[in-house]
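The structure appears right after this line, and notes come after that.
Within every chain, numbering begins at 1; the chains are lettered A, B, ... in the order of the sequence lines, protein sequences first and strands thereafter.
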There are 2 protein chains.
Amino acid sequence: MSRNSAGLSRQRIVEEALRIIDGQGLRRLTMRRLGDALEVEAMAVYHHFPLGKEQLFDAIVEYVTDATPRRPAEVDDDEEELVEEPAEEPPPPWDARIGRWAHEYRARLLRHAGALPLLIHRRPDTPAALRSREDHVAAFREAGLSGPAVADAAAALESYVFGAALTQVRSESPHGAAEPETLERLFQRAGDAATDFDSRFLAGLDALILGHTGVRPAHTAAPA
Amino acid sequence: MSRNSAGLSRQRIVEEALRIIDGQGLRRLTMRRLGDALEVEAMAVYHHFPLGKEQLFDAIVEYVTDATPRRPAEVDDDEEELVEEPAEEPPPPWDARIGRWAHEYRARLLRHAGALPLLIHRRPDTPAALRSREDHVAAFREAGLSGPAVADAAAALESYVFGAALTQVRSESPHGAAEPETLERLFQRAGDAATDFDSRFLAGLDALILGHTGVRPAHTAAPA
DNA sequence: ACCTGAACACCGTTCAAGT
DNA sequence: ACCTGAACACCGTTCAAGT
C-alpha cells in the first residue's frame with residue numbers, strides 16, 4: 001500500500017465493474033469509465049487483467065455464477081487452497097438441497113441481470129458449479145433415479161432455473177417490438193389469478209421434480 | 001431499382017448481419033463490416049434503421065425469435081396485414097402442438113447461437129410469440145389444467161426450452177475458467193450411458209409436461 | 001510491481017452533399 | 001428516396017516511461 005499503489009485488486013475491479021453494469025448497463029462498461037470509477041487511469045486495469053476486457057468478462061461471469069464469497073482480508077490469490085470444513089451436521093433431505101440451490105442460483109442471476117449476456121458464451125465449468133452438479137446427481141439418486149435419468153434430471157433442473165431467470169429478465173425489459181399485449185395480461189386473461197414470478201418459479205420447480213422423480217417435493221420453498 | 005440504389009432492404013440487412021454473427025461472432029458485427037458485406041457504404045444502413053445499431057439488434061432478435069417466413073417477393077412493409085388462412089384441418093393433439101413448438105423454437109435458438117445475448121434484454125412480445133403462448137394456454141387446458149396452473153405450466157415450458165437451448169450453447173462454448181472436469185464427463189461418471197443433447201431435451205420436456213399435467217405425453221418427439 | 005500518458009487503429013453516429 | 005464521404009467523439013489496446 002505504498003503511495004503510488006492505488007490498492008487495486010482483481011476483486012475490487014470486478015465489483016466496481018458489476019456496479020457499473022448493474023447501474024448503467026453492460027454497454028456502458030468501458031475501460032476508461034471503469035478506471036474513473038476506481039479513481040485510476042484506465043490502463044491500470046490491464047496490469048490485473050493482461051488479456052484485456054475479455055478476461056475481465058470471464059472474471060465477472062465467474063463472480064456472478066459462483067456463490068463462494070471470498071474472505072475479504074486475504075491477498076488475492078489465483079490458487080485454490082483447501083480449507084478445512086469443521087461442520088459435521090447431517091445434510092438436508094435431497095429436495096431441500098435442490099430447492100435451496102435453485103433459489104440461490106436464481107437470486108444471483110436476477111441480482112446481476114445486466115451481466116447475463118456474458119454468461120451465454122462462457123463454459124459453466126467453475127469448481128463451484130461442478131460441486132453443485134455433483135450434489136444434484138446425488139440428490140436425484142436419493143430420490144430413486146438411476147441410469148441416464150439422473151443426468152437428464154440434473155440437466156433439466158439447471159436448464160429450468162437458468163431459463164426461468166432469463167425469461168423473467170426478458171419480460172421485465174423495456175425494449176421490444178410493437179406490443180399489442182403483454183405476456184402477463186395474456187396469462188391474466190387465461191388464468192383466474194395472476195401469479196407473481198416467485199410463486200411461478202416454485203410451482204415450475206416442484207412440477208419439474210415431480211415429473212422426473214414421481215415424488216412431489218415438500219421442502220423446496222424459499223427460505224424466509 | 002435505379003442505378004444508384006443498391007437494392008438494400010431491412011430483411012437483406014438483417015440476414016447479412018446474421019451471417020456475420022453466425023460466422024464470426026456478435027462482437028465482429030460492425031456497421032462498417034456490415035456495409036462491406038452488403039457492398040455498400042456503412043452509412044447506408046442508417047437509412048433503413050434510422051435509430052442505429054440498437055434498432056438493427058431489435059430487428060435481428062425479431063427475426064431469430066419469430067418463425068414466420070416472409071413472402072420474399074413483397075416490398076418490405078411495417079404494417080401487419082391479415083392473411084386469409086384457407087387450411088381447415090383439425091388441429092393436432094395438445095401434446096403434439098407443444099412438442100412441435102418446443103423443437104422448432106429450440107432449433108431456431110441453436111441455429112443463431114451467436115445472437116442469443118441480444119435476446120436477454122428484449123421483450124418477447126412479438127405477435128408470433130403471443131400466438132404461440134395462446135396456443136400453450138389452450139393446450140394445457142385441453143390437458144385438464146385450470147386456474148393459475150395453466151399460466152404456471154406455460155411459463156415453465158417456455159423457461160425450460162429457452163434455458164435448455166442456452167445451457168447447451170453455454171456448455172459447447174470454448175471460453176471458460178480452468179476446467180478440471182467438464183459437465184459431460186461428470187454426467188458420464190454419474191450415469192451409465194451418456195445422453196446426447198437432443199434426447200436429453202426431449203426427456204426433460206416430457207418430464208416437465210408430466211409434472212404439470214399428470215399425463216405422460218406421447219406425441220412430443222421431434223419430426224424425422 | 002504497479003501505475004501513467006501518449007499514441008494507434010477502430011468504432012458508432014451526425015451531417016452536408018450528391019443523384 | 002437512397003446512398004456517399006468527411007468528420008467527431010469515443011473505444012480497446014500497445015508501448016515506453018515513470019516510481
Side-chain angles (χ1 to χ4, degrees), chain A residues 1-17 20-21 24-61 74-79 114-115 117-118 121-122 175, chain B residues 1-17 20-21 24-61 74-79 114-115 117-118 121-122 175:
Chain A
M1 295 291 175
S2 65
R3 196 186 145 275
N4 74 338
S5 167
L8 236 44
S9 71
R10 289 169 64 103
Q11 174 170 356
R12 211 162 84 74
I13 293 172
V14 167
E15 284 171 353
E16 199 62 49
I20 294 174
I21 290 174
Q24 314 182 235
L26 185 57
R27 300 207 35 235
R28 305 260 310 161
L29 174 62
T30 276
M31 298 306 262
R32 285 168 167 86
R33 242 191 292 270
L34 179 56
D36 276 1
L38 292 163
E39 299 185 40
V40 103
E41 285 307 302
M43 310 315 149
V45 174
Y46 284 83
H47 190 265
H48 299 265
F49 295 95
L51 276 53
K53 210 178 184 185
E54 212 65 20
Q55 189 183 16
L56 172 61
F57 284 160
D58 289 347
I60 291 172
V61 168
E74 289 214 345
V75 186
D76 221 70
D77 201 341
D78 273 340
E79 300 304 315
L118 299 178
H121 290 292
R122 270 158 243 264
H175 251 311
Chain B
M1 293 293 178
S2 67
R3 196 189 144 276
N4 73 340
S5 167
L8 236 45
S9 72
R10 288 168 66 102
Q11 176 171 352
R12 210 162 83 75
I13 293 172
V14 167
E15 285 170 353
E16 199 62 48
I20 295 176
I21 291 174
Q24 316 182 235
L26 185 57
R27 301 208 35 237
R28 304 258 313 162
L29 174 62
T30 275
M31 299 305 263
R32 286 168 167 85
R33 241 189 293 268
L34 179 56
D36 275 1
L38 292 162
E39 300 185 37
V40 104
E41 286 307 301
M43 308 316 148
V45 175
Y46 284 84
H47 190 265
H48 300 265
F49 295 95
L51 276 54
K53 209 177 185 186
E54 211 65 20
Q55 190 183 16
L56 173 61
F57 283 160
D58 289 347
I60 291 171
V61 168
E74 288 214 344
V75 186
D76 222 67
D77 202 341
D78 273 340
E79 300 303 315
L118 298 178
H121 291 290
R122 271 159 243 263
H175 252 310

Subject >> Between D:dT14 (P) and A:Phe49 (CZ): distance, integer Å >> reply: 16 Å
Subject >> Nearest-0.5 Å distance that lies between atom CD in A:Glu41 and atom CZ in A:Arg32 >> reply: 10.0 Å
Original post:
In whole Å, what is the span from the CG atom of A:Leu34 to the P atom of C:dC3?
Top reply: 13 Å
Original post:
Whole Å only: how far is the OH atom of B:Tyr46 from the P atom of C:dG12?
Top reply: 6 Å
Subject >> Base-paired stems in DNA chain C, each at least three Watson-Crick or G-U pairs under 3.5 Å >> reply: C:4-8 with D:12-16, C:12-16 with D:4-8
**OP:** Report the distance from atom CG of B:Asp58 to atom CG of B:Leu118, rounding to the nearest 0.5 Å.
**Re:** 9.0 Å
Original post:
Roughly how far, to the nearest 0.5 Å, is CG of A:Leu38 from CD of A:Glu15?
Top reply: 10.5 Å
Subject >> Option passing side-chain contact (heavy atoms from CB on, under 4.5 Å) with B:Ile20 (candidates B:Leu26, B:Asp36, B:Thr30, B:Leu29) >> reply: B:Leu29
Original post:
How many Å lie between NE2 on A:His47 and C1' on C:dA1, as a whole number?
Top reply: 5 Å
Subject >> Sequence-distant partners of B:Arg27, side-chain hydrogen bond (donor to acceptor under 3.5 Å, both in side chains), two or more places apart >> reply: A:Glu54
**OP:** Quick one: closest heavy-atom pair of B:Gly114 and B:Ile21, and the distance?
**Re:** C-CG2, 3.5 Å
Original post:
So how far is it from B:Lys53 NZ to B:Tyr46 OH, rounded to the nearest 0.5 Å?
Top reply: 8.5 Å
Subject >> Whole-Å distance separating the NZ atom of B:Lys53 from the P atom of C:dC11 >> reply: 9 Å
**OP:** Round to a whole Å and report the spacing from CZ of B:Arg12 to P of D:dC2.
**Re:** 14 Å
Original post:
Is there a donor-acceptor pair under 3.5 Å between the side chain of B:Arg10 and the backbone N or O of B:Phe49?
Top reply: no
**OP:** For D:dA1, take OP1 and OP2 only and decide whether either is under 4.0 Å from a side-chain N or O of B:His48.
**Re:** no
Subject >> Main-chain N/O of A:Arg28 paired to A:Arg33 side chain as donor or acceptor, under 3.5 Å >> reply: yes
Original post:
How many Å lie between CD1 on B:Ile13 and C1' on D:dC2, as a whole number?
Top reply: 11 Å
Subject >> Rounded distance in Å - CD (A:Glu41) to P (D:dT13) >> reply: 17 Å
Heteroatom pairs (N/O) under 3.5 angstrom, protein to nucleotides 6-10 of chain C:
none

